[in-house]
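As the structure lists them, so they are numbered: ligands from 1, and atoms in each ligand from 1. Because the structure is a prediction, the values reported are computed rather than measured.
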Amino acid sequence: MILLGTNTSPYVRKVRLVLLEKNIPHSYLVDAPREPGSRVARANPLGRIPALILDDETCVFDSPVIAEYVDTLNDTPILIPRNDMLARMRVKRWEALADGIMDSAVVVRGETLRAPDKQDADTIARHNQAIGRALAHASQQLGERECCEGNALTLADLAMASMLVYLDLRQAERNWRAQHPNLAAWFTRIADRPSMRTSLAEQ
Ligand SMILES: N[C@@H](CCC(=O)N[C@@H](CS)C(=O)NCC(=O)O)C(=O)O
């Protein structure tokens, strides 16, 4: 299977981490959708990354769909609980929280790339406030636990870590570590995992 993506996309990082943590053989092809000659739009009609092309050319798209599919490919480890439906909901809710922050950060990034007189200050403020609230919620939910859900690594941790790498990249001035030291301590542990080291080296 081939994962199409870029090294800066947080949605791509999440999926790449799932593949790496589960040790699933794949090729990772850097392919920016807006570059001439990109394969992305031919694979995914939405023209977005990540896009996962299976060996029979089936394209799996949208990172939660990819993560859920990839998690079914083996049990080592199981990243989305399969039997405990409340735990499963909580993992997917963490993913939704992380993805929502990514969505807002991408909007803010898009606005700030526009000429200053074309930027929509209300949109920027609204999304930045949502990011601030969501980070505070994440910090409160995590507390001093080692993992976002239960006692083992799940998709929740991989989604949150991918989101925080993106905030470091695009909103360094936010200084989330100072506001949420528990998230910072948790992130330091996650960042030391081989999957994260591999992914971060690709930046
Ligand atoms: N909900 C989608 C979001 C994917 C997404 O928006 N990806 C961005 C890159 S971060 C993209 O491909 N944008 C299209 C473009 O850059 O032309 C997912 O989770 O996969």
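Under a 4.0 angstrom heavy-atom cut-off, Ala32 registers as lying outside contact with ligand 1. The shortest heavy-atom distance from Val106 to ligand 1 is not under 4.0 Å.
By the criterion of a heavy-atom distance under 4.0 Å, the side chain of Arg34, and not its backbone, is placed next to ligand 1.
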**Prompt:** What do the steps show when you test Val107 against Asp103 for side-chain contact (heavy atoms from CB on, under 4.5 Å), and what is the final call?
**Reply:** CA-CA 6 Å; Val107 170; Asp103 294 344; 5.7 Å; no
**Message:** Run Lys14 and Glu95 through side-chain contact (heavy atoms from CB on, under 4.5 Å) and show every step you take.
**Reply:** CA-CA 9 Å; Lys14 177 179 63 174; Glu95 182 186 27; 2.8 Å; yes
**Message:** Apply salt bridge (Lys or Arg N to Asp or Glu O under 4.0 Å) to residues Lys22 and Asp75 and explain how you reach the verdict.
**Reply:** CA-CA 8 Å; Lys22 294 178 75 74; Asp75 296 351; 5.9 Å; no
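Checked for salt-bridge contact, Glu111 and Lys118 miss the test: no charged N lies under 4.0 Å from a carboxylate O. Ionic pairing of Asp168 and Arg177 is present here: one or more N-O contacts between side-chain nitrogen and carboxylate oxygen are shorter than 4.0 angstrom.
At least one donor-acceptor pair closer than 3.5 Å links the side chain of His26 to the backbone N or O of Ile24.
Considering Leu54, Val40, Asn44 in turn, Asn44 is the only one that fulfils the side chain to side chain contact (heavy atoms under 4.5 Å, CB included) rule with Cys59.
Atom SG of Cys147 and atom CG of Leu153 lie 6.0 Å apart (nearest 0.5 Å).
Protein heavy atom at the shortest distance from atom 13 (N) of ligand 1 is Arg48 CG, 4.2 Å. What sits closest to atom 14 (C) of ligand 1 on the protein, heavy atoms only, is Gly47 O, 3.8 Å. The protein heavy-atom contact nearest to atom 1 (N) of ligand 1 is Asp62 OD1, 3.0 Å.
If you number the atoms of ligand 1 from 1 as listed, the ones under 4.0 Å from a heavy atom of Pro64 come out as 19 (O). Short contacts between ligand 1 and Pro50, defined as distances under 4.0 Å to a heavy atom of the residue, involve ligand atoms 20 (O). Close approach of ligand 1 to Ser9 is summarised as follows: ligand atoms under 4.0 Å from at least one heavy atom of the residue are 10 (S).
Residue Tyr11 has no N or O atom closer than 3.5 Å to an N or O atom of ligand 1. For a threshold of 3.5 Å applied to N or O pairs, the pair formed by Ile49 and ligand 1 contains at least one separation below that value. Considering both main-chain and side-chain atoms, Ser63 comes within under 3.5 Å of ligand 1 through a nitrogen or oxygen pair.
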